[in-house]
Engineer: 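Got a structure for you, written out below as structure tokens; questions coming shortly.
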Amino acid sequence: MKFLQVADKQDMARKAAGIIAAQVLLKNDSVLGLATGATPVGAYGQLAKWCREGEISFRDVITVNLDEYCGLPETSPQSYRYYMNENFFNQIDIDPANTHLPDGMAADMDAECSRYSALIRSLGGIDLQLLGIGMNGHIGFNEPKAHFVMDTHTVALSENTREVNGVYFENPADMPTHAVTMGMREILQAKRIVLMAGKEKEAILHRALEGEVTPEVPASLLQLHPRLTVVFEGGK
Ligand code: GLP
């Protein structure tokens, strides 16, 4: 594991963006696994800036996102498709057809989960997976529970997650109860993982990286990954 401790959120964004840019420069048709949440917004902004300046191109890149809420159309500003379009895809030269998220509006969610797992396999897996971490140690929407779930699946969101993410909804009661997320095997099979965490995540990050490997802290499984880079806003 490589641990990069950075001074502030801007530094965290630049470091993570630099690692992603290096991946794309070395392999222009990289499969990037992407995350949402507040943490990676700055990194997306930095990458978009480098793209506008001609430093990097996403023309041949393929993206697969970690997760999506169930029941929110992509026109909803709280949906992860909307977030990705706004914060990243609409600002870079990627082919929109190469950007993938699970469909939280699918009529048959089991079929949708199988489709998404098959898509990831058909792409040959993920070259670089960007992750944030939930306050309860979730990655994607793999919530703490008694066992790890391997492949893409629907999940009932925990009380903690509904409370933390509910702030993005005008009426917190509109916060979805379910989501669809990549499973732990799909995440862990990524060739390289970059985990970003702000200083407010210090306690859970410590537990995940130095505590027991347990499905009660899903991010703890990352300890087993051979190419994990953590970019942590720890101050200096
Ligand atoms: C959300 C997402 C995760 C994300 C996490 C942390 O629930 N499903 O993929 O990593 O929360 O979000 P934030 O960066 O806003 O703290």
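We count ligands from 1, going down the list as the structure has it; atoms in each ligand are counted the same way. The figures that follow rest on heavy atoms only: side chains count, while hydrogens, waters and symmetry mates do not.
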Engineer: I'd like to know if E202 and K199 make a salt bridge, using a cut-off of under 4.0 Å between side-chain N and carboxylate O.
Structural biologist: no

Engineer: Under 3.5 Å, which donor-acceptor pairs do the side chains of residues 58-65 form with other protein atoms, sequence neighbours left out?
Structural biologist:
| unit_1 | atom_1 | unit_2 | atom_2 | d |
| --- | --- | --- | --- | --- |
| D60 | OD2 | N28 | ND2 | 2.8 |
| N65 | ND2 | L34 | O | 3.3 |

Engineer: Does any pair with a residue in residues 121-142 pass salt bridge (Lys or Arg N to Asp or Glu O under 4.0 Å), and if so which ones, sequence neighbours excluded?
Structural biologist: K27-D127, D127-K191

Engineer: One pair per line, please: each N/O atom of ligand 1 matched with every protein N/O atom under 3.5 Å away, atom names first, then the distance to 0.1 Å.
Structural biologist:
| unit_1 | atom_1 | unit_2 | atom_2 | d |
| --- | --- | --- | --- | --- |
| ligand 1 | 7 (O) | H138 | NE2 | 3.2 |
| ligand 1 | 7 (O) | N165 | ND2 | 2.9 |
| ligand 1 | 8 (N) | D67 | OD2 | 2.8 |
| ligand 1 | 8 (N) | G140 | O | 3.3 |
| ligand 1 | 11 (O) | H138 | NE2 | 3.4 |
| ligand 1 | 14 (O) | A38 | N | 3.3 |
| ligand 1 | 14 (O) | T39 | N | 3.0 |
| ligand 1 | 14 (O) | T39 | OG1 | 2.4 |
| ligand 1 | 15 (O) | A38 | N | 2.7 |
| ligand 1 | 16 (O) | K201 | NZ | 2.7 |

Engineer: Which of these passes side chain to side chain contact (heavy atoms under 4.5 Å, CB included) with L131: V230, L228, I187?
Structural biologist: I187

Engineer: Look at the rings of Y80 and F141 and say which category their plane angle falls in: under 30° parallel, 30 to 60° tilted, over 60° perpendicular.
Structural biologist: parallel

Engineer: State which residues pass side chain to side chain donor-acceptor pair (under 3.5 Å) with D103; sequence neighbours excluded, sorted by chain then number.
Structural biologist: none

